[in-house]
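Please read the structure below before turning to the comments.
Predicted model only: the values in this text are computed from it and were never measured. Worth knowing before you read on, the calculation uses all heavy atoms, side chains too, and leaves out hydrogens, waters and symmetry mates. Remember, it's 1-based here, ligands and their atoms both numbered in the order they're listed.
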Amino acid sequence: MDYLKINGIKSLSGEIQISGAKNASLPLIAMTILAKNKVSIKNLPHVVDINTLLKLLSNLGASCEFNDHNITVDTSSLNQTKATYDIVKTMRASILVLGPILTRFGHCEVSLPGGCAIGQRPIDLHLKALEHMGAKINIEAGYVQATAPDGLKGCNIIFDKITVTGTANIVMAAALAKGITTITNAAREPEVVQLCEILNKSGVSIEGIGTAVLTIHGTSGKLLDIDEFTIIPDRIEAGTYLCAGAITNSELTLKNVNAKHLGAVLAKLEEMGNSFTITPDTITLHPTAELKPVRIITQEYPAFPTDMQAQFLALATQANGTSVVEERLFENRFMHVSELQRMGANITLNGHVATVNGKTKLSGTDVMATDLRASSALVLAALVAEGETNIHRIYHLDRGYDNLEKKLELVGAKIQRLKE
Ligand code: EPZ
């Protein structure tokens, strides 16, 4: 297994190129199941989760041609409708094939994803919505067996909770359904918006894009003609590198980034004393040597994203004063705390609330990554820790960060990927 060796540095400087968004790529790759043509996708990140989903699609009979960060996906020869446990267990977002396969073929079998490090992550809202659209859902031997022999029917769906992949799944299911589907309490994340925009351009008329109420006019089974598209920039990767600049008091410029997707994150960085120069596709961070403490509550977009919580917890260890971070979406998303404490961070946990007393000197040591965003928090801490930090189990990091060590090395970080 690989691990990262990082030596604390004084500061970074230069430009970081942001990759395409992992969480936009996954539903958009699943969306190719709805196409009658070969679909070209540009600006895909090189991350493990994308490879996992592409492997799942090829197991189902689709074919993919790669060309660096671009792929062409052809699902015309897709002839399997069972997503097996061996793949689904490695990536819960595999559930995103359920809606598209069911609405195209009238039946689908997907392994239940099982738990995950950060929480239970149930899919009850996905299944309840599909049943509402006329699917028969049976759970047997760890698999969801869904059938809709006469196709899915449009209806009014109200999500009890806002669910990102739940919204994406139902939007895709509704795309080929008979009639109109409304989704109330829909997720408004930019990744969901891009999925809706592309479907809307491909013959599925969708109203309310970007709002909490989506109206989808199904094609009654007619497959879609989907033109080439480019994945939007990864706002969480961008937020992570902004934290790298803030925690090391470094001026950094991010390229190929959309600041409009980072409103809540930029606001919190400003509250801590940083400032920015923003253009349509770049963000330059002007850091402060005296970071102020911050209060954060994670909520659905456009509020502060849970996927940036761990990174801000690491940053808050370098702020002068007491910061409070409340995690409202997932029940177990503080596993980075114990690792940060081992580096010297002064953090107390009380249920879903972490209180961070800064500024504390961090010391390099051996630490273990536990989940994707926790891994990036450890990288941020290691950048300012005294001495050497070895971050183990970085397969978690590789699921969602494209070439992180190279991007940080290019701006001056002392970072190496080594073998255990
Ligand atoms: C998406 O996960 C993201 N993953 C996650 O990013 C992100 O943390 C999460 O949204 C919240 O923003 C992808 O887009 C691939 P949810 P998702 O359904 O869709 C509950 C990362 O680091 N819920 O929006 O699985 C659930 O338990 C990953 O890139 C139900 O109760 O999250 C949670 O409390 C981690 N029943 C809340 O809703 C359901 O059927 C939000 O979950 C579905 C969800």
- Query: Would you say Arg333 contacts ligand 1, with heavy atoms under 4.0 Å as the rule?
  - Reply: yes
- Message: At less than 4.0 angstrom from any non-hydrogen atom of His126, what atoms of ligand 1 do you find?
- Response: 40 (O)
- Item | Contact partition for Asp124 relative to ligand 1, non-hydrogen atoms under 4.0 Å | both
- Query: Which residue and non-hydrogen atom of the protein lie closest to atom 40 (O) of ligand 1, and at what distance in Å?
  - Reply: Leu125 N, 2.8 Å
- Can you pull out the closest protein heavy atom to atom 27 (O) of ligand 1? Residue, atom name and distance to 0.1 Å, please. Pro122 CD, 3.4 Å
- Message: Among all protein heavy atoms in this structure, tell me which lies nearest to atom 6 (O) of ligand 1, with the distance rounded to 0.1 Å.
- Response: Asp307 OD2, 3.0 Å
- Message: Tell me whether Asn390 contacts the main-chain N or O of Asp366 through its side chain, where contact means a donor paired with an acceptor under 3.5 Å.
- Response: no
- The closest protein heavy-atom partner of atom 1 (C) of ligand 1 is Val164 CB, 3.9 Å
- Item | Ile123: numbered ligand 1 atoms lying under 4.0 Å from its heavy atoms | 39 (C), 40 (O)
- Please determine if Arg342 and Glu339 form a salt bridge, counting it only when a charged side-chain N lies under 4.0 Å from a carboxylate O. yes
- Looking only at side chains, do Thr75 and Arg104 share a donor and an acceptor under 3.5 Å apart? yes
- Task: May I ask you to identify, for Phe330, whether its side chain, its backbone, both or neither come under 4.0 Å of ligand 1 on a heavy-atom basis?
- Result: side chain
- Query: So which protein heavy atom does atom 34 (O) of ligand 1 come closest to, and at what separation?
  - Reply: Leu329 O, 2.6 Å
- Item | Closest heavy-atom pair and its distance - Arg333, Thr306 | NH1-OG1, 2.7 Å
- Message: Using a 4.0 Å cut-off to any heavy atom of Lys22, which atoms of ligand 1 qualify?
- Response: 21 (C), 29 (O)
- Going by an N to O cut-off under 4.0 Å, is there a salt bridge joining Glu237 and Lys22? no
- Task: Just let me know how Thr306 lines up against ligand 1, side chain, backbone, both or neither, with a heavy-atom cut-off below 4.0 Å.
- Result: side chain
- Query: Is there a donor-acceptor contact under 3.5 Å linking the side chains of Thr182 and Asn156?
  - Reply: yes
- List the closest protein heavy-atom neighbour of atom 19 (O) of ligand 1: residue, atom name, distance to the nearest 0.1 Å. Thr165 OG1, 2.6 Å
- Query: Does ligand 1 have a heavy atom under 4.0 Å from the side chain of Thr163, from its backbone, from both, or from neither?
  - Reply: both
- Hey, does the side chain of Ser202 reach the backbone of Ile226 with a donor-acceptor pair shorter than 3.5 angstrom? no
- Query: Between Ile162 and ligand 1, which residue portion shows a heavy-atom distance shorter than 4.0 Å: side chain, backbone, both, or neither?
  - Reply: backbone
- Under 4.0 Å from one or more heavy atoms of Arg373, ligand 1 contributes atoms 21 (C), 22 (O), 29 (O)
- Scanning both residues in full, the closest heavy-atom pair of Leu78 with Ile33 reads CD1-CG1, 4.0 Å
- Query: Counting heavy atoms only, which of Val47, Asn23, Asn169 comes nearest to atom 14 (O) of ligand 1?
  - Reply: Asn23
- Using the six-membered ring wherever Trp is involved, compare the ring planes of Tyr241 and Tyr401 and label them parallel, tilted or perpendicular (cut-offs 30° and 60°). perpendicular
- Check for a donor-acceptor pair, side chain of Glu300 on one end and backbone N or O of Arg188 on the other, with a separation under 3.5 Å. no
- Query: Nearest protein heavy atom to atom 2 (O) of ligand 1, by residue and atom, and its distance?
  - Reply: Arg121 NH2, 3.3 Å
- Closest non-hydrogen protein atom to atom 20 (C) of ligand 1, residue and atom name please, with distance? Lys161 NZ, 3.9 Å
- Under 3.5 Å, is there a donor-acceptor pair between the Glu327 and Thr298 side chains? yes
- Message: Tell me if a side-chain donor or acceptor on Asn67 pairs with a main-chain N or O of Asn70 at a distance below 3.5 Å.
- Response: no
